[in-house]
Structures are given as C-alpha cells and as structure tokens.
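In what follows, a structure is listed as structure tokens, so that the remarks can point back to it.
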Amino acid sequence: MRRLLSGLVLSLGLLAGAAHADAAKLYFGAGFADGSVDVTDGTHKSLGTLSATVGVQLLDFIGVELEVGAASDQAGSILSDSMVGFQSAMLRLGYRWNRVGVYALGGYARLDVDQDYNDSDGGTALGLGINLFGNETTALNLHVLDFDDGAFTTTTIGFQHYFGGFR
C-alpha cells in the first residue's frame, strides 16, 4: 500500500510540475464520512470512515485527485484495524461560481474489504461534490463517492485547502 501511495504522490508531483505555474493549484483535504459496504447476504453495513485527499487543479475546470481512506464499525479501530481500506486516483471536472464549486470525479479505486463483507478488490470510482469557500484558500467540502458499482460508498464532509487560493 505504501508503494502504491508513494507512486501516486510522485505522479501527482510530476503532473504539477508539467502544468503551467499560474494554472496549477495544489490542494489537500481531510474528511469524516459515513461509509456503506455491501454485505454478501444483500444487506448494507454502515461504517465510520476517515479519508485524506491530495490533488492538483491543472486548469479552472480539470484536475487530478488522489484519495485514501479507512473505515470501521468501531471508532477506535478505524486506522488500527480497519474493515475497509481504499485508494483512488480520479479525474476531477468542475466549475466555480464565486465561492461555490461543484465537481464530478471519475477514475479507478483499489479496495481492501474484510472477507466477511464482500470480495471486491477494485474497480471504478465515481463521485460528485461541492466546495463552499469561506476564504480564498479553504473550503468546506461535501462529496459522495461510489466504489466498484456500489461495493463501498462514502458520503464525506470535510475541508480542502488550496495553496495559492482558488482563483
């Protein structure tokens, strides 16, 4: 997992270096989510989720975003003994009006799901989100991600910080 994450961060750095300096905006974020995992008996199990995001806004409407997270049904074991872990690399398409930004995400995700739930190990990652900017650099972030056709879904509330501001 560390090797995958290191490779994703290195790729993101190369993309940021290749983009024009005025247009590229590096950002990071963190959030808490209510995750839902499909169980093999056809039911859903709700899990508390922590996630971290890093991305680069290449142009005003397009960017690349990487997200990692872990989920568990017990707050004390989210990071130490998670039941679901995920990593995703996604293309981000969006638009901003003043201090509100909306976006769509699409890409690939790797899932590490406890065998008691389902046997999904990766697939598509699709999502929608909104940023509500309180100032030029920091936004309240709300987004929903669906992994591998519903094998795992998160609804996240958190923040995103844009280095250099969103304009």
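Worth saying up front: this structure is predicted, and the values here are computed from it rather than measured. Positions are given from 1, in the same order as the sequence printed here.
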Nearest heavy-atom pair of His143 and Asn141: which atoms, and what distance? ND1-OD1, 2.9 Å

Looking only at side chains, do Tyr162 and Glu136 share a donor and an acceptor under 3.5 Å apart? no

Identify whether Ile62 and Val56 are in the same connected component of the hydrophobic contact network (ILVMFWY, side-chain heavy atoms under 4.5 Å). yes

Taking it one step at a time, do Val113 and Met83 satisfy side-chain contact (heavy atoms from CB on, under 4.5 Å)? CA-CA 6 Å; Val113 181; Met83 296 178 171; over 6 Å; no

I'd like to check Tyr103 versus Asn131 (side-chain heavy atoms, cut-off strictly below 4.5 Å). Are they in contact? yes

Side chains of Val144 and Thr156: closer than 4.5 Å at any heavy-atom pair? no

Which value, rounded to the nearest 0.5 Å, describes the distance between Gln87 atom CD and Glu67 atom CD? 11.0 Å

Tyr27 vs Glu65, side-chain hydrogen bond (donor to acceptor under 3.5 Å, both in side chains): CA-CA, chis, key distance, verdict: CA-CA 9 Å; Tyr27 64 92; Glu65 183 169 303; 2.7 Å; yes

Would you please test Asp60 and Tyr95 for side-chain contact (heavy atoms from CB on, under 4.5 Å) and show each step? CA-CA 7 Å; Asp60 285 341; Tyr95 188 76; over 6 Å; no

How long is the gap from NE2 on His44 to CZ on Phe152, to the nearest 0.5 Å? 12.5 Å

When you look at CZ of Phe32, are more than 12 heavy atoms from neighbouring residues, nucleotides or ligands closer to it than 6.0 Å? no

Between Phe163 and Phe28, what is the ring plane arrangement, given parallel below 30°, perpendicular above 60°, and tilted in between? tilted

Ser46 and Asp73 have their tightest heavy-atom pair at O-CB, 4.4 Å

Shortest non-hydrogen separation from Gly106 to Leu126 and the atoms involved: CA-CD2, 4.0 Å

Find out if a path of hydrophobic residues (ILVMFWY) with successive side-chain heavy-atom gaps under 4.5 Å connects Leu91 to Leu59. yes

Test Thr153 against every option in Asp148, Asp146, Asp34, Asp38 by the side chain to side chain donor-acceptor pair (under 3.5 Å) rule and name the one that passes. Asp146

Verify the cluster assignment for Phe147 and Val39: are they in a single hydrophobic cluster under the rule of side-chain heavy atoms below 4.5 Å apart? yes

Using the rule that two of Ile, Leu, Val, Met, Phe, Trp, Tyr join whenever any of their side-chain heavy atoms come within less than 4.5 Å, decide whether Leu93 and Val102 are in one cluster. no

Are Arg99 and Phe133 in a cation-pi setup, meaning NZ or CZ lies under 6.0 angstrom from the ring centre and within 45 degrees of the ring axis? no

I need the minimum non-hydrogen distance between Ser88 and Ala125, along with the two atoms involved. CB-CB, 4.4 Å

In the structure I gave you, are the side-chain heavy atoms of Leu105 and Leu145 within less than 4.5 Å of one another anywhere? yes

Nearest 0.5 angstrom please: Thr138 OG1 to Phe159 CZ, how far? 7.5 Å

For Thr137, does its backbone N or O pair with a side-chain atom of Asn135 as donor and acceptor, under 3.5 Å? yes

Carboxylate-amine/guanidinium contact Arg110 Asp121, below 4.0 Å: no

Which pair of non-hydrogen atoms, one from Arg96 and one from Gly101, has the smallest distance, and what is that distance? CG-CA, 3.7 Å

What's the verdict on side-chain contact (heavy atoms from CB on, under 4.5 Å) for Leu66 and Thr53, showing C-alpha distance, side-chain angles and the deciding distance? CA-CA 6 Å; Leu66 308 174; Thr53 302; over 6 Å; no

To the nearest 0.5 Å, tell me how far Leu128 CG sits from Leu142 CG. 12.0 Å

So CG of Leu47 and CG of Asp114: to nearest 0.5 Å the spacing works out to 9.5 Å

Nearest heavy-atom contact between Ser51 and Phe86 is CB-CZ, 4.1 Å

